[in-house]
Protein chains: 2
Amino acid sequence: MTAEARMDPACPMAAFPFHVGGKWTGMVVVALLDGPRRFGELRQTLGIRSAKVLTETLRDMMCDGLVTRTDHQANPPHVTYELTDLGRSLLPVIDAMREWSDQRLAELLAHRQAHPATESGAAPTPTSPQR
Amino acid sequence: MTAEARMDPACPMAAFPFHVGGKWTGMVVVALLDGPRRFGELRQTLGIRSAKVLTETLRDMMCDGLVTRTDHQANPPHVTYELTDLGRSLLPVIDAMREWSDQRLAELLAHRQAHPATESGAAPTPTSPQR
DNA sequence: CGGCATCCTATGAGATACTG
DNA sequence: CAGTATCTCATAGGATGCCG
């Protein structure tokens, strides 16, 4: 298969969670690999200042069946998030990404740095966390 | 490792091309797997109406050393794009994504459909190519 | 044919501030 | 503590139209 015919929107590449799910989805999966985490823990781990972003990410992921939410009825509130089996099934993909990054990311970044790219904002340099 | 400490922006997940590179990067790689393609070919294959988007994607990818551009000095213009070794090295990752999609994507989509998600626009259903 | 130059718009990401 | 409610802002994505 590959690129013979026209690539329709049903193509896996178009639907894959890391693109569909927003910027933080992948990191949340990684953060939850060790086991359940609380909302605040996640927030700190991921370095998210705004709660809203995390809330949205988690809601989307719940909607997609990637994580489950457990509300330990307590006061003060205590809520934990945990990977579902489906969520954990993403691990091989993440590992593939990690391995690639280990071996090749430097090369890509070097290329990028060397290029004027005709333009200033080709893509935000990941090493400089602006915003 | 995994999620012990704070996850800094240098984390591979944050820099991985499929998130950094924009929506079409992955598909372009797939489209180029078989060999060099012309600009118009890519455009058709990917189903991109706007040339600008493809131009930008390709420029970014060149900048990152993922593809090379060959201008066959001809009239009318004839330009081909080709995967570099670095670009081709993404194949394992893509395959991992594909495999995951084959096995689990349906599950995710089913989950999503079943959920009200509190909101309308959780994420654009990949099966309905709007726009 | 390839690809700029423009312009437009939806929306993702984030900052605050407030509530149960 | 774990959210919700607003608001702002940048920008990715796309539609046209023109040029070499």
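As a whole-Å value, the separation of A:Asn75 CG from C:dT19 P is 17 Å. Between the CZ atom of B:Arg37 and the P atom of C:dC1 there is a distance of 17 Å, rounded to whole Å. Rounded to whole Å, atom P of D:dA2 lies 10 Å from atom CG of A:Leu54. B:Lys23 has its NZ atom 14 Å from the C1' atom of D:dT11, to the nearest Å. Straight-line distance from the CD atom of B:Glu56 to the P atom of C:dG2: 18 Å, rounded to whole Å. If you take CH2 of A:Trp24 and C1' of C:dG14, they are 10 Å apart, rounded to a whole angstrom. Straight-line distance from the CD atom of B:Gln44 to the P atom of C:dG2: 11 Å, rounded to whole Å. What separates NE2 of B:His78 from P of C:dC1 is a distance of 12 Å, to the nearest Å.
In this structure, A:His78 and A:His72 have perpendicular ring planes: the angle between them is above 60°, well past the 30° mark.
Listed by first and then second residue, the salt bridge (Lys or Arg N to Asp or Glu O under 4.0 Å) pairs involving residues 78-90 of chain A are A:Asp85-B:Arg104 (not counting sequence neighbours).
Where A:Pro76 and A:Thr57 meet DNA chain C, the nucleotide closest to each residue was compared, and A:Thr57 sits on the side nearer the 5' end.
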Grab the N/O contacts between the protein and nucleotides 3-6 of chain D below 3.5 Å, and write none if there aren't any.
unit_1, atom_1, unit_2, atom_2, d
D:dG3, OP1, A:Arg69, NH1, 2.2
D:dG3, OP2, A:Tyr81, OH, 2.7

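Taking all atoms of both residues into account, the shortest heavy-atom contact from B:Leu33 to B:Leu83 is CD2-CD1, 3.8 Å. Pairing each heavy atom of A:Gly26 with each of A:Ile94, the nearest pair is O-CD1, 4.4 Å. Between A:Ser89 and B:Trp100, the closest heavy-atom pair is OG-NE1, 2.9 Å.
The phosphate of D:dG14 (OP1 or OP2) has no side-chain N or O of B:Arg49 nearer than 4.0 angstrom. Side-chain nitrogen and oxygen atoms of B:Arg38 include none within less than 4.0 Å of the OP1 or OP2 phosphate oxygen of C:dC1.
Among A:Thr55, A:Leu54, A:Asp60, the one residue that satisfies the side chain to side chain contact (heavy atoms under 4.5 Å, CB included) test with A:Leu58 is A:Leu54.
Under the side-chain contact (heavy atoms from CB on, under 4.5 Å) criterion, A:Val53 pairs with A:Trp24, A:Ile48, A:Ser50, A:Thr57, sequence neighbours left out.
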